[in-house]
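All remarks here apply to the structure that follows.
So that the names make sense, note that chain A is the first sequence line, chain B the second, and so on, each numbered from 1. Computed from a prediction, not measured in an experiment: that's the story for all the values here.
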Protein chains: 2
Amino acid sequence: MANADTKVSRKDAILDAAEALFAEHGYDGVTLRAIAARAGVDVALANYHFGRKHELFEQTFQRRAEILNTWRLEALEACRREAAPAAPSVRDIIDAYLRPLMTGPHLKEPGWRNYYGMVAYVNSSVTWGGQLMTRSYDPAIGSFIDALKEALPEAGDEAIYWGYHCLSGALTLAFAQTGRLDHLSHGKVCSTDLEGGYLQMVDFITAGFERIGRP
Amino acid sequence: MANADTKVSRKDAILDAAEALFAEHGYDGVTLRAIAARAGVDVALANYHFGRKHELFEQTFQRRAEILNTWRLEALEACRREAAPAAPSVRDIIDAYLRPLMTGPHLKEPGWRNYYGMVAYVNSSVTWGGQLMTRSYDPAIGSFIDALKEALPEAGDEAIYWGYHCLSGALTLAFAQTGRLDHLSHGKVCSTDLEGGYLQMVDFITAGFERIGRP
DNA sequence: ATGCTTATTCAACAGTTGTTGAAACATACT
DNA sequence: AGTATGTTTCAACAACTGTTGAATAAGCAT
C-alpha cells in the first residue's frame, strides 16, 4: 500500500481534478479522460479507484461535505455554550451556519472554490439535488433546524422550513459565483467576495427568521 | 411557410421536448437525438430550425423568459399605480416579483414546470449563469432594483444587491423542486408546492429588505 | 399541373464516450 | 532471490455524439 498522507497520492489528484471540472461543467459536461488528463494519469485509473463515473462524482462531493459539517456543528456547539443556560439567538444560529463557510482562509484555496461550485450545481440539480444533498448535509442541518425551532417557539414548521429554504438557496447561489451580481450592480458588488456577502446575508436572513417568530 | 399558431408546429415540439430534457439533465446531459425522439422528429430537424445545440438551448430558455418578464413588469406597474402618488411598499414590490411566478394556473402546465427547472439549472451554472441570466432577465430586474432603492432610501447599494441575491437564490432553488425540503421536513413541507412557498417567502424576504432599510 | 420555397428525413461522417481485461510496474515481505 | 499484493498503464471495445449534404416531401402561388 502506498503511503496515503505524506505525499499527494494519484487518487487524491483524481479527486482534485474531478472537483474542479465537475464544478465548472456539471456531471455530464465532464469526461473521465478530461479528469485523467488534468490529474496526469491514465483514464483507467479513475475506474480502478472509484468504480463508475457516478461513484467518483459522489465521492468527490462527499469528501469536503464532512469537513463542512464538522465546522458548522462546532460553531453551533460553541454558540450554544456561550449562550448557556439560555438558548442561542437567531442571529447566532445563522452566524454559525454561514460564517464557517463564507469566511476564513480556506476561501483562498482553489480546491474549496471548486467544491463550492459543485455544491451549487448539485443543490439545484433535479437529478442530484434531492438525494445527494440530503445524504451529505441533512443530518447536520437537522441540528440547526432544531436550534431555530427553540429560538422561535412561536413560528410554525412550514415557516421554519421555507425560511431554511431561503437560506440554503441564497448560500448555494453565492457558491456558484457566476458573476451575475457584478453585471447587475454595474461592478458595485462582486460575486466572488463571499466575505463581503457574508456580512450582508447574516443581517438579511436573520431578519427573515425573526419575522416569522412573531405572529 | 407553414401555419405558426393554429397547430403545434414541429418546431415548437422540439422546443417543448428540449425544455423538458434540459430541465432534468442540464445542457450536456441531453443529446439532440433524445430531444428529437421525444418530439417525434428526425435528429437533423433540430439543426435545421435552430442551428447548433448551443443556440437551441438559448432559444428554449429565452422563449418563456420574455413572458415572465412581461408578467412581472405588469405586476410592478400595477402596484405602482395603486400606491401613487406614494412609492410602493417593500412588500408590494416583493409580491410583484414573486406572485406572477409562484402562483396562478400556469403552474399546472408541465411546460412551465419544466422551464422552471431550466431556470434553476441555468442560474447556478457557472457556464451559463452569468451570461444567459443577465441577458434574459436583468433588464426587467433593473426596474425592481430601482423600486427597492426608492422604498429603502437609507439602504446601501451593497445591501440592496445582496438582498436581491438572497431573493433570487431562494426563488430559483424553489424552481428546482428537488424534493429536498420534503426529506428534511419529514413530509411536512412539499418542495413542489410553489403556492404554499410563495406565502412564506414573501414574509421572509420582505423582512430581510425592511431590515436593511433602517440603520 | 408547373415551378419555387420551405420542411423534413435519410444516411453517413469523424470523433468521443464509459468501461474493461490483460499486461507492466512498484512496493513490501520472506 | 522470489513472490504476493496493490497501482498504473496500454489497447481496445461497442455505443453514442453533434453536424452535414443530398434526397424527399409538403405547401403554396401562379
Determine whether the aromatic ring centres of residues [Y] and [X] are separated by less than 6.0 angstrom.
X: A/F209; Y: A/Y164; result: no
X: A/W128; Y: A/Y27; result: yes
X: A/F57; Y: A/F22; result: yes

Q.
Can you tell whether the side chains of B/K149 and B/D157 come within less than 4.0 Å, N to carboxylate O?
A.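 Yes, charged N to carboxylate O under 4.0 Å.
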Q. Between A/D138 and B/R180, does at least one N-O distance fall below 4.0 Å, as a salt bridge requires?
A.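 Counted as a salt bridge, because a side-chain N and a carboxylate O are separated by less than 4.0 Å.
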[X] side chain, from C-beta outward: closest of [options]:
X: B/V41; options: C/dT9, D/dT7, D/dT20; value: C/dT9
X: A/L45; options: C/dG18, D/dT8, C/dT9; value: D/dT8
X: B/R10; options: C/dT9, C/dA7, D/dT19; value: C/dT9

Q. Does B/K53 or A/K11 map to a spot on DNA chain D nearer the 5' end, using the closest nucleotide for each?
A.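 Here A/K11 is the residue nearer the 5' end.
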Q. Does B/T31 place a side-chain N or O at less than 4.0 Å from the phosphate oxygens OP1/OP2 of D/dT17?
A.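 For B/T31, the contact criterion (side-chain N or O under 4.0 Å from OP1 or OP2 of D/dT17) is met.
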Q: Give a yes/no on whether any side-chain N or O of B/N47 is located under 4.0 angstrom from OP1 or OP2 of D/dT20.
A: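 Yes, within the criterion.
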Q: Please name the pair of heavy atoms, one in A/M102 and one in A/A174, separated by the smallest distance, quoted to 0.1 Å.
A: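 The pair with the smallest heavy-atom distance is CE-CB, 4.4 Å.
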Q) What is the minimum heavy-atom distance between A/I93 and A/A147, and which atoms define it? A)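 Shortest heavy-atom contact: CD1-O, 3.5 Å.
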Roughly, in whole Å, what's the span from [atom1] in [X] to [atom2] in [N]?
X: A/H49; N: D/dT7; atom1: NE2; atom2: P; value: 6 Å
X: B/Y48; N: D/dG21; atom1: OH; atom2: P; value: 15 Å
X: B/H54; N: D/dT19; atom1: NE2; atom2: P; value: 10 Å
X: B/F50; N: C/dT8; atom1: CZ; atom2: P; value: 10 Å

Q: Indicate the ring-plane relationship of B/W112 and B/Y115, choosing parallel, tilted or perpendicular according to the 30° and 60° boundaries.
A: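 The rings of B/W112 and B/Y115 stand perpendicular, inter-plane angle above 60°.
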Between the protein and nucleotides 10-13 of chain C, list the N/O to N/O atom pairs that are separated by less than 3.5 angstrom.
residue : atom : partner : partner atom : Å
C/dA12  : N6   : B/R33   : NH2          : 3.3

**Q.** Residues which pass side chain to side chain donor-acceptor pair (under 3.5 Å) with A/N114, listed by chain and number, not counting sequence neighbours
**A.**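 Here no residue qualifies.
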**Q.** For DNA chain D, the residues among residues 21-30 of chain A that have a non-hydrogen atom under 4.0 Å from it
**A.**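 Residues of residues 21-30 of chain A that come under 4.0 Å of DNA chain D do not exist, since none gets that close.
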